[in-house]
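Structure record follows, encoded as structure tokens.
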Amino acid sequence: MDSQHRSPEYSALLLAGPRAGPLKQAHARLVVGGYGHSLPLITKLATLAVAAGAAPYAHLVATSHPAPDPFLFSSLTRAAAHHSLPVAALAFYRCLLSSALPFSSFTFTAVAKACADLSALRTGKAIHAHSILLGFGSDRFVLTALVVLYSKCGQLPVARKLFDAIRDRSVVAWNAMISGYEQNGLAERGIEVYKEMQVAEAVPDSMTFVATLSACAQAGALDLGREVERRIVSERMDMSVFLGSALVNMYARCGVVDKARKWFDMLQERNVVTWTSMIAGYGMHGHGHEAIKLFHVMRREGPPPNHVTFIAVLTACAHAGLVMEGRDAFACMKRVYGLVPRVEHYCSMVDMFGRAGLLDEAMQFIHDYMPGEPGPEVWTAILGACKMHKNFNLGVEVAERLISLEPDNPSYHVLLSNIYALSGRMNHVEKVRNTMINRRLKKQIGFSLIELGGTSHLFRMGEKSHRQTRDIYQYLEELIHRITAAGYMPETESVLHELEEEEREGALRYHSEKLAVAYGLMMSSGSPSPIRVIKNLQICEDCHLAIKFISAVEKREIVVRDKHRFHHFKDGKCSCLEYW
């Protein structure tokens with residue numbers, strides 16, 4: 001092999017590199033020179049062909065060899081998986097299988113990665129079984145690849161079981177488990193794994209911090225996000241575009257949009273994710289003009305915007321009432337960038353028209369632009385606008401259409417009940433509630449989270465399980481008394497349609513966000529730092545009003561992230577300017 005590595009033929013392959021045309025010429029030279037069956041040379045040729053994206057040619061070269069060895073197909077499987085050619089990787093794996101040649105742990109690692117890239121759970125399970133059969137069931141490299149596979153396919157319990165079985169976990173295994181939880185909407189569990197990693201004294205790398213910052217962004221865990229940032233800075237880590245984007249995203253989604261912008265401006269390299277994260281951050285905080293301004297800069301100086309960028313731009317326009325700018329952005333999607341609008345873009349446009357009170361225009365847009373029958377997402381956006389602008393007749397019509405589309409979705413029954421309640425048709429409210437009871441449809445439970453000292457505290461409406469319940473309720477009663485003296489009057493209208501947000505009528509003062517705010521104020525008396533609360537549903541009208549008054553009487557900034565956007569309360573005002 002050494003002599004072949006020094007041969008002119010091998011040098012010709014190296015000179016050709018990962019380029020299909022020159023490789024085919026080099027292949028012809030091998031055949032003419034009598035080296036057509038040299039396994040080392042054919043392996044190098046086929047591997048370079050895969051790197052060139054010519055997997056079918058590599059497959060032809062490999063399968064044409066009269067006596068292939070395990071290293072040939074194993075190398076090709078690994079190369080295909082590495083170069084994001086998962087279908088080719090599976091094809092080379094099957095060649096190895098049909099040839100009855102021995103397998104290595106690296107082959108299983110590569111083909112498991114290919115299955116993860118394809119989210120091919122069924123094939124992945126077969127490969128997992130095959131690896132166990134051949135004695136690789138406890139190999140840490142194979143187990144790590146399987147953790148990625150099962151996480152990507154949403155099989156978190158299986159992924160965790162395999163993760164726990166890895167004896168000497170590499171940083172890749174830790175990263176896979178943190179990312180697996182975060183990408184499946186279980187950010188808190190991902191954060192727990194990061195903390196386990198610290199206890200185990202495992203050394204994190206850049207991707208550990210990317211995954212953890214993404215989990216912090218999802219969970220609103222600002223304290224941990226700041227701790228990770230300090231480690232990145234103190235250890236002078238290379239600020240890759242991925243790490244920089246993760247920092248921008250974390251600060252934007254944790255409510256510190258100014259710090260997100262500082263990181264954005266400091267980055268030497270920005271990709272489409274970085275730009276989109278910053279634009280989305282402005283949109284979430286109601287800074288529509290800043291989002292549009294940055295979008296224009298991106299069009300001049302940055303990478304071409306993608307589908308997600310336009311969702312961020314249109315959402316920013318919807319939350320700030322920038323109808324003209326939204327129309328322009330939607331128009332240039334296809335005209336300038338050749339991007340075909342998706343459901344999310346149509347939904348954002350409908351939401352934008354609806355929030356601006358242009359319900360007729362929203363309905364016309366659905367009729368003129370949307371291909372096919374509109375889905376539930378679009379009608380939900382219309383219904384929210386009907387509720388906001390008190391167009392109850394259209395609201396009832398839309399809500400009933402939603403229920404006909406998905407009769408077992410409890411949130412649509414809730415929305416119909418809300419519309420009936422707002423229009424004073426309480427007999428219809430009762431009918432909807434009875435229907436939900438008879439069908440055993442359960443609404444989503446509202447809760448609020450507040451993080452203090454790195455610990456998250458969860459509150460539900462009327463929460464009494466907290467160890468400081470008595471003190472919290474007493475503090476909240478005093479708050480209510482103070483803001484009432486300042487002019488607060490409960491929005492009792494909210495009670496009538498609180499079926500989705502909270503449970504019982506007459507319980508406005510014990511809504512989860514009020515309890516969380518009261519606890520935050522009680523535990524941080526005298527601190528100038530803002531109170532930060534995360535609400536899983538949309539904040540109700542009464543809590544929105546009450547927290548405005550609380551911010552004034554307590555002289556504290558209060559930031560609430562609900563399921564749609566951020567609300568920054570300060571000096572009795574909210575950043576949303578009542579446009580929510």
Side-chain angles (χ1 to χ4, degrees), residues 175 178-179 182-183 187 190-191 194 198 204-306 308-313 315-316 319-320 451 454 528-530 532 534 557 559-561 565-568 570 575:
N175 294 352
I178 296 169
S179 294
E182 184 271 325
Q183 289 168 8
I191 288 169
Y194 173 72
Q198 290 180 302
D205 64 7
S206 176
M207 294 314 294
T208 311
F209 293 136
V210 169
T212 304
L213 286 168
S214 297
C216 291
Q218 188 184 123
L222 180 59
D223 288 348
L224 179 59
R226 283 174 167 158
E227 179 188 311
V228 170
E229 179 199 30
R230 283 193 292 271
R231 285 196 67 176
I232 291 167
V233 173
S234 66
E235 294 175 19
R236 297 184 178 182
M237 296 195 75
D238 178 44
M239 188 53 63
S240 70
V241 68
F242 305 106
L243 194 54
S245 298
L247 281 163
V248 170
N249 185 51
M250 184 276 292
Y251 274 114
R253 293 188 64 187
C254 286
V256 194
V257 72
D258 291 344
K259 190 66 183 283
R261 184 59 195 255
K262 282 183 181 177
W263 271 110
F264 178 87
D265 290 338
M266 281 193 292
L267 295 178
Q268 297 295 314
E269 183 186 359
R270 306 182 191 109
N271 63 10
V272 68
V273 176
T274 322
W275 287 90
T276 301
S277 295
M278 194 65 244
I279 292 168
Y282 278 134
M284 284 187 287
H285 292 270
H287 304 319
H289 290 287
E290 286 82 353
I292 290 295
K293 184 179 176 183
L294 188 61
F295 175 60
H296 290 321
V297 175
M298 179 185 186
R299 291 185 63 186
R300 288 196 311 270
E301 304 172 6
N306 61 16
V308 182
T309 310
F310 278 100
I311 293 171
V313 171
T315 302
H319 284 297
E451 186 186 40
S529 300
R532 301 181 188 277
I534 298 173
E557 183 180 356
V559 182
V560 177
R561 181 178 108 184
R565 62 171 297 156
F566 279 87
H567 297 266
H568 292 256
K570 189 174 183 181
S575 60

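Between Cys254 and Ala221, the shortest heavy-atom distance links the atoms SG-N, 4.0 Å. Nearest approach of Gly286 to Ala320, heavy atoms of both residues: O-CB, 4.2 Å. Taking both residues in full, the closest heavy atoms of Ser277 and Val248 are given as CB-CG1, 4.1 Å, listed atom of the first, atom of the second, then distance. Closest non-hydrogen pair, Ile191 versus Ala219, comes out as CD1-CB, 4.1 Å. Nearest approach of Ala215 to Ala187, heavy atoms of both residues: O-CB, 3.3 Å.
Partners of His296 under the side-chain contact (heavy atoms from CB on, under 4.5 Å) rule, at least two apart in sequence or in another chain, are Ile292, Arg300. Scanning for ring-ring contact (aromatic ring centres under 6.0 Å, His included) contacts around Phe264 gives Trp275, with sequence neighbours left out. Not counting sequence neighbours, Gln268 has no partner by the side-chain hydrogen bond (donor to acceptor under 3.5 Å, both in side chains) test. Here Thr315 pairs with nothing under the side-chain hydrogen bond (donor to acceptor under 3.5 Å, both in side chains) rule; sequence neighbours left out. With sequence neighbours excluded, the residues that form a side-chain contact (heavy atoms from CB on, under 4.5 Å) with Ala316 are Ala291. Under the ring-ring contact (aromatic ring centres under 6.0 Å, His included) criterion, His287 pairs with no residue, sequence neighbours left out. Not counting sequence neighbours, the partners of Gln198 by the side-chain contact (heavy atoms from CB on, under 4.5 Å) test are Tyr194, Lys195, Glu227, Arg231. Applying the side-chain contact (heavy atoms from CB on, under 4.5 Å) criterion to Ser245, with sequence neighbours excluded, gives Val241, Asn271, Val273, Thr274. Residues satisfying the side-chain hydrogen bond (donor to acceptor under 3.5 Å, both in side chains) test with Glu269, not counting sequence neighbours, are none. Among residues two or more places apart in sequence or in another chain, the side-chain hydrogen bond (donor to acceptor under 3.5 Å, both in side chains) test is passed with Asn175 by Asp205, Thr208.
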**Message:** Using the rule given for side chain to side chain contact (heavy atoms under 4.5 Å, CB included), can you reason through His567 versus Val559, listing the C-alpha separation, both sets of side-chain angles and the distance that settles it, and then say yes or no?
**Reply:** CA-CA 6 Å; His567 297 266; Val559 182; over 6 Å; no

**Request:** Go through the steps for Met239 and Val233 under the test side chain to side chain contact (heavy atoms under 4.5 Å, CB included), then give the verdict.
**Result:** CA-CA 9 Å; Met239 188 53 63; Val233 173; over 6 Å; no

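You'll find the side chain of Met250 reaches within 4.5 Å of the side chain of Leu222, heavy atoms only. Counting only heavy atoms from C-beta outward, the side chains of Ile534 and Glu451 never approach each other to under 4.5 Å. At a threshold of 4.5 Å between non-hydrogen side-chain atoms, the residues Phe295 and Phe310 count as touching. Contact check for Leu213 versus Leu243: side-chain heavy atoms found under the 4.5 Å cut-off.
Within the structure, every pair that satisfies the side chain to side chain donor-acceptor pair (under 3.5 Å) test and touches residues 251-267, not counting sequence neighbours, is listed here: Glu229-Tyr251, Glu229-Lys259, Glu229-Trp263, Arg261-Asp265, Arg261-Tyr282.
Rounding to the nearest 0.5 angstrom, the gap separating the OG1 atom in Thr212 from the CG atom in Leu224 is 7.0 Å. How far CG of Leu294 is from CE of Met278: 7.0 Å, rounded to the nearest 0.5 Å. The distance from atom CE of Met284 to atom CZ of Phe566, rounded to the nearest 0.5 Å, is 5.5 Å. Distance CZ/Arg532 to NE2/His568: 7.5 Å, rounded to 0.5 Å.
For the side chain to side chain contact (heavy atoms under 4.5 Å, CB included) criterion with Val272, the lone passing option out of Pro304, Pro303, Pro305 is Pro303.
When atom types are taken as modelled, the side chain of Glu182 and the backbone of Gly190 share no donor-acceptor pair closer than 3.5 angstrom.
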